[in-house]
Number of protein chains: 2
Amino acid sequence: MRATTIHAPFDMRVEDVPDPVIKESTDVVLRVLRACICGSDLWAYRGESARQPGQRIGHEFLGIVEAAGADVTGFAAGDLVVAPFVWSDGTCDYCSEGLQTSCPRGGFWGSVGSDGGQGEAVRVPHADGTLVKLPADAASDDRLLTALLALSDVLGTGHHAALGAGVRKGSTVAVVGDGAVGLCGVLAARRLGAERIIALGRHTARTDIARVFGATDVVAERGEAAEAAVRELTGGQGAHAVIEAVGTEQSMRTAVNITRDGGAIGYVGVPHGSGTGLDLSVMFDRNIALRGGVAPVRAYIPELLPDVLSGAVDPSPVFDLTVGLEGVPDGYRAMDERTALKVLVKP
Amino acid sequence: MRATTIHAPFDMRVEDVPDPVIKESTDVVLRVLRACICGSDLWAYRGESARQPGQRIGHEFLGIVEAAGADVTGFAAGDLVVAPFVWSDGTCDYCSEGLQTSCPRGGFWGSVGSDGGQGEAVRVPHADGTLVKLPADAASDDRLLTALLALSDVLGTGHHAALGAGVRKGSTVAVVGDGAVGLCGVLAARRLGAERIIALGRHTARTDIARVFGATDVVAERGEAAEAAVRELTGGQGAHAVIEAVGTEQSMRTAVNITRDGGAIGYVGVPHGSGTGLDLSVMFDRNIALRGGVAPVRAYIPELLPDVLSGAVDPSPVFDLTVGLEGVPDGYRAMDERTALKVLVKP
């Protein structure tokens, strides 16, 4: 089969690789219908996260079960399923508590020795603990299938950020980051009942989506000017709940400075310098909490799925460019150059 | 009157200063019955927090109202009252929400131009928003009066840490720091229903108090050995709720490394390097939350007071040395040299 591999920074290839097979009795082999490229894949693309030459990549996908191991009870060939961005056994303490990202038998798609989502098929370990079944008729609804793909990462990650930021009915929320996760943070905040949602971003194509997703205000300034703008919008106090969806020093510094005293930052941007943007003295004096991390999206899929199926929540607009599998390297280039927000892959 | 002043690192003096008078109609003048020296006062004593020569000091005190301004409605001469470690107006948004430490008209005892608690009397601004009345007969109960003094800071701060760490019924809690705040964190965790409380500390005089306060385990190791010991006590996972009551890089690093995935650190140690002990990548991967800061103890006094009055919660053992006002410099020396845990001052 064909699958995407990364060989060096900016060197993505689509190559022939061995077809996946059932190795453990708890495995499923899944034919990928939809995959995509994540903002966090760009860290590898740019060489800021190390990869071994030839490593697979892609951690967001949905598809059809092709074969199931003898001990898989929840799935059979032909099922339409979505995979969260890590696999997990579904039985350990952490899985039971809904923190599947800490499952000791879990792992990340595209890690050394595992398959990645940006390919024709994937071997899914611990399928019963990992996959979630989707209604079969969704496979024939192109828009819905794309929306459902967001359950594999960005929608659940936005939801995690909103929970971490303590969004509730009536909250004033600010969102740092206009990538797909930040936009899904807007969507999640609206779903949780936020009254006011301030999206920070300079790209009108993105902030227009933020408005569709529920942003009530857009702040196009950066740095201290952005902080001043958010303070002005919030009576000088800042936002109760701030979503940090970038992971850099500057984005975290902005997040700290626009959080209202006693409020919280929900952070889901993979840390790439953001630690140094945390001024603990400021956070201490102002009782600002920090919550978040790698999102256990597996735990959130059952809660979010009905709203995606009903159309009440529709993250599909974050996908603004579609490529075939052979077009994946072009997709990386487009996202790196910010000509695309998020690239959908149809193998 | 006589009051403690700080002139330079290690240069504490007890001097004649002007008697406090009512300046604003919302002031009270309070005669101090009990004050004490805080671990955080040592940052000033050691020159690690800057002070102007002659600045007052001391932020924990209780006493008798001597005079009340014309607009004070809640207190009259003769009332026994306790002061939290900041004053606050009691009417702003933050005060209404129980975050009195963020009151824009609030302030910290001993800041430039204000009185400190380690003296014979104090001018209390915004008395109605600041002070809490105590039963008059407590004044004649020496042990109880000392226990009530802990409401001005350390007990409420320990409670804030326990709330930040997410302590609830059945929690496993670890406490980093064997000072008075850490010990009050143990007390607060027990009060909130923690099932297991692991106190980290090497000084048996202190860990003995921790056991009296409810610690079920004591870890005397430091650094990585302490982390290993806590992990061994918790089935390899760490504690759900970790109280960080020191504020240094090492203490925060320990706190991060002993927190269970998905757990939280409640931090109340004034940051003196602790920011660099926060490894955000570790916290991100393991979904460890950070909550806390300067404790709004004014909000907690009404909740904690009944338990202190009944004796259900008795923080008085943290005071292990008593001095008169002239003995305050000796008290600082004793705390700096760790021959005293917390020094009680009876002016």
Side-chain angles (χ1 to χ4, degrees), chain A residues 49 86 92-95 97-104 106 108 160 163-166 234-238 240 244 247 249 252 256 260-296 299, chain B residues 49 86 92-95 97-104 106 108 160 163-166 234-238 240 244 247 249 252 256 260-296 299:
Chain A
S49 297
V86 296
C92 72
D93 287 356
Y94 291 113
C95 285
E97 294 165 23
L99 193 67
Q100 288 89 345
T101 46
S102 288
C103 174
F108 187 79
H160 191 54
L163 293 180
T234 54
Q237 294 187 337
H240 293 95
E244 194 287 308
E249 179 177 350
M252 188 60 92
V256 170
R260 185 179 188 276
D261 290 23
I265 300 166
Y267 77 118
V268 291
V270 180
H272 280 82
S274 45
T276 49
L278 277 178
D279 187 330
L280 203 62
S281 293
V282 170
M283 295 174 67
F284 185 90
D285 287 346
R286 298 176 45 217
N287 271 280
I288 295 173
L290 179 75
R291 265 186 309 234
V294 56
Chain B
S49 298
V86 297
C92 71
D93 286 356
Y94 291 112
C95 285
E97 295 167 22
L99 193 67
Q100 288 87 346
T101 46
S102 287
C103 174
F108 188 77
H160 191 57
L163 293 179
T234 55
Q237 295 186 335
H240 294 94
E244 193 286 309
E249 178 177 353
M252 189 60 92
V256 170
R260 187 179 188 276
D261 290 24
I265 299 167
Y267 77 117
V268 290
V270 181
H272 281 83
S274 45
T276 50
L278 277 178
D279 187 330
L280 203 63
S281 293
V282 170
M283 294 174 68
F284 185 90
D285 287 347
R286 299 176 46 218
N287 272 279
I288 295 173
L290 179 74
R291 264 188 308 234
V294 56

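These figures come from a predicted structure and were not determined experimentally. Order of the sequence lines fixes the chain letters, A, B, ..., with proteins taken first and strands second; residue numbering starts at 1 for each chain.
- Of the residues considered (Ile288(B), Val268(B), Thr101(B)), Val268(B) shows the highest number of contacts with chain A, using heavy-atom pairs under 4.5 Å.
- For chain A, the option among Arg286(B), Met252(B), Arg260(B), Met283(B) with the highest count of heavy-atom pairs below 4.5 Å is Arg260(B).
- Of the atoms belonging to His160(B), it is side-chain heavy atoms, and not backbone ones, that fall under 4.5 Å from chain A.
- Judged purely by atom type and a 3.5 angstrom limit, Asn287(A) uses its side chain to pair as donor or acceptor with the backbone of Val294(B).
- Among Ser281(A), Gly292(A), Gly275(A), the residue with the largest count of heavy-atom pairs under 4.5 Å with chain B is Gly292(A).
- The two residues Gly269(A) and Phe284(B) have their closest heavy-atom pair at O-CE1, 3.5 Å.
- Using a 4.5 Å cut-off between heavy atoms, Glu97(B) touches chain A through its side chain atoms alone.
- The two residues Ser102(A) and Asp261(B) make their nearest non-hydrogen contact at OG-OD2, 2.6 Å.
- Contact annotation for Leu290(B): both backbone and side-chain heavy atoms come within less than 4.5 Å of a heavy atom of chain A.
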